[in-house]
Amino acid sequence: MTSQKTALVTGASSGLGAHFGRLLAGQGYHVLLAARRLDKVADLASQIALTGGSAEPLKMDVTNAASVDAAFEAMIRPPDVVINNAGVAGDGAAMDMTEEVFDMVIDTNLKGVFLVSQAAARSMKARGQGGAIVNIASILGLRVAGGVSAYTASKAGLVQLTKAHALEWARYGIRVNALCPGYIETPLNREFFETEAGKALIRRIPQRRLGQLADLDAPLLMLLSKGAAYVTGCALPVDGGHLVSSL
Ligand code: NAD
């Protein structure tokens, strides 16, 4: 039996998820890189192997219970820690938002975490060794902005789901926390932050800068660490002070 711990990262094919996959492999975890398409994470698994880490691609659509169950059944090494990272934005004015977009955002950002966390918690309970779950919420789960009504509702729901799971699963040694990033620069949003609107947004962040992926590393690792054994049910902002910006 290996003593190496296993980490599951959902939505691992890009952005924060790919970063978390690399980070956790670098910390010695065997990483299950979950994505809807295996080819999207196969390359990342190979890159991690080349740097001496251990990772494998895992097919999982977090919105689909059958897909989540199949992924957990296929696991030889079920996760000790889970990073619920998969998420979608679904931007647009509330007045014009379609039912399809609203459903997609809630299904991915909220129901997806329910499905994955439930499967993970059942497996952790059965093994009796506890575990840690970190949900990637957002500062938009704690405050609102225009044009993101479904997203902000999904992330606020996720913060509450985090607390409810923390409460119910403490008895099994499972800790559940949320990380609430502010605006983190990724290839997807880089162009926007070069526009006048993007620059104006950055000026409203007290630290006057965007977050970088590396800004999430220590907070995430802290929430997963043994030293955080008494930390559960928290929603930790990592936002350069954006939530405390002056009204
Ligand atoms: P991203 O679009 O690069 O990553 C989201 C990932 O989720 C993608 O790989 C996508 O394929 C995957 N995904 C979407 N639907 C899925 C499904 N049904 N099943 C499995 N995977 C699915 O964006 P990102 O910026 O890296 O965002 C990652 C997470 O961080 C999201 O939950 C997002 O809400 C959150 N977040 C991001 C920021 C930011 O500034 N980038 C800020 C706060 C929170």
Side-chain angles (χ1 to χ4, degrees), residues 8-23 32-45 57-72 82-91 100-101 103-117 119 133-145 148-159 161-162 178-193 198 201-202 205 209-217 219-220 235-240 242-243:
L8 167 65
V9 181
T10 68
S13 61
S14 59
L16 274 60
H19 178 76
F20 295 146
R22 284 196 196 91
L23 173 73
L32 304 172
L33 301 164
R36 284 167 293 183
R37 280 179 41 196
L38 278 182
D39 58 306
K40 293 257 186 179
V41 270
D43 270 0
L44 179 57
L58 179 71
K59 191 172 162 62
M60 186 194 288
D61 178 345
V62 301
T63 64
N64 183 306
S67 168
V68 172
D69 286 347
F72 272 82
V82 175
I83 315 300
N84 279 308
N85 165 81
V88 291
D91 297 351
E100 286 71 25
V101 168
D103 282 350
M104 178 192 64
V105 174
I106 301 293
D107 279 0
T108 310
N109 299 1
L110 187 56
K111 189 178 95 170
V113 177
F114 154 69
L115 292 173
V116 173
S117 297
I133 297 174
V134 176
N135 298 325
I136 307 304
S138 166
I139 53 170
L140 285 166
L142 302 169
R143 273 183 64 181
V144 295
V148 286
S149 56
Y151 183 82
T152 195
S154 73
K155 295 295 189 179
L158 179 54
V159 168
L161 189 70
T162 300
L179 206 57
C180 298
Y183 289 87
I184 306 296
E185 187 175 358
T186 68
L188 283 187
N189 61 26
R190 195 160 292 141
E191 221 170 282
F192 167 71
F193 286 110
L201 194 155
I202 295 171
I205 303 171
R209 70 170 180 94
L210 288 174
Q212 299 300 314
L213 290 169
D215 286 315
L216 300 170
D217 295 1
L220 178 76
L236 177 64
V238 185
D239 67 346
H242 208 159
L243 282 174

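We number each residue from 1, following the sequence as shown. Order of listing sets the numbers, starting from 1, for every ligand and every atom in it.
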> Short list, please: which atoms of ligand 1 are under 4.0 Å from a heavy atom of Met60?
Replying inline: 19 (N), 20 (C)
> Checking side chain to side chain contact (heavy atoms under 4.5 Å, CB included) against Leu179, which of Thr162, Leu236, Leu16 comes through?
Replying inline: Leu236
>> Show me which atoms of ligand 1 lie under 4.0 Å from any heavy atom of Ser13.
In response: 9 (O), 11 (O)
> Which of the atoms in ligand 1, numbered in the order shown and given with their element, are less than 4.0 Å from a heavy-atom of Ile184?
Replying inline: 39 (C), 40 (O), 41 (N)
> Which is closest to atom 5 (C) of ligand 1 by heavy-atom distance: Ser67, Gly141, Ala137, Gly87?
Replying inline: Gly87
> Which of the atoms in ligand 1, numbered in the order shown and given with their element, are less than 4.0 Å from a heavy-atom of Gly15?
Replying inline: 3 (O), 26 (O)
>> I'd like to know if the side chain of Ser67 and the backbone of Val62 have a donor-acceptor N/O pair within less than 3.5 Å.
In response: no
>> Checking Thr186 against His19 for the side chain to side chain contact (heavy atoms under 4.5 Å, CB included) test, could you report, in this order, the C-alpha distance in whole Å, the side-chain angles of both residues, the deciding distance, and whether it holds?
In response: CA-CA 10 Å; Thr186 68; His19 178 76; over 6 Å; no
>> Against ligand 1, does Leu188 come closer than 4.0 Å with any heavy atom?
In response: yes
> Are the side chain of Asn85 and the backbone N or O of Ala12 linked by a donor-acceptor pair below 3.5 Å?
Replying inline: no
>> Please check: side-chain N/O of Lys155 versus main-chain N/O of Ile136, any donor-acceptor pairing under 3.5 Å?
In response: yes
>> Within the structure, is a non-hydrogen atom of Ala34 found at a distance of less than 4.0 Å from ligand 1?
In response: no
>> Using a 4.0 Å heavy-atom cut-off, which part of Asp107 comes near ligand 1: side chain, backbone, both, or neither?
In response: neither
>> Within the structure, is a non-hydrogen atom of Lys155 found at a distance of less than 4.0 Å from ligand 1?
In response: yes
> Looking only at distance, does Val62 have an N or O less than 3.5 Å from an N or O of ligand 1?
Replying inline: yes
> Is a side-chain donor or acceptor of Asp69 paired with a backbone partner of Ala66 at a separation under 3.5 angstrom?
Replying inline: no
>> Any nitrogen or oxygen of Leu16, side chain or backbone, less than 3.5 Å from one on ligand 1?
In response: yes
>> With a 4.0 Å cut-off on N to O distance, would you call Arg209 and Asp215 a salt bridge?
In response: yes
>> Can a donor-acceptor pair be found, under 3.5 Å and without considering hydrogens, that links the side chain of Asn109 to the backbone of Val88?
In response: yes
> In terms of atom number and element, which parts of ligand 1 are under 4.0 angstrom from non-hydrogen atoms of Asp61?
Replying inline: 17 (C), 18 (N), 19 (N)
> Does Thr152 reach the main-chain N or O of Val148 with its side chain, forming a donor-acceptor pair under 3.5 Å?
Replying inline: no
>> So, regarding Asn85 and ligand 1 (criterion: nitrogen or oxygen to nitrogen or oxygen, under 3.5 Å), is there a contact or not?
In response: yes
> With a cut-off of 4.0 Å, which atoms of ligand 1 are near a heavy atom of Tyr183?
Replying inline: 40 (O)
>> I want to check something: taking the side chain as every heavy atom from C-beta on, are Tyr151 and Asp91 in contact at a cut-off of under 4.5 Å?
In response: no
> Which ligand 1 atoms, with their elements, are less than 4.0 angstrom from a heavy-atom of Ile136?
Replying inline: 30 (O), 32 (O), 35 (C)
> Where does the angle between the aromatic ring planes of His242 and Tyr183 fall among parallel (under 30°), tilted (30 to 60°) and perpendicular (over 60°)?
Replying inline: tilted
> Can you list the atoms of ligand 1 that are under 4.0 Å from a heavy atom of Gly11?
Replying inline: 6 (C), 7 (O), 9 (O), 12 (C), 21 (N)
> Applying a strict 4.0 Å limit to heavy atoms, is Gly182 in contact with ligand 1?
Replying inline: yes
>> On a heavy-atom basis, I'd like to know which of Arg36, Lys40, Glu185 is closest to atom 10 (C) of ligand 1.
In response: Arg36
>> Tell me whether atom 27 (O) of ligand 1 lies less than 4.0 Å from at least one protein heavy-atom position.
In response: no
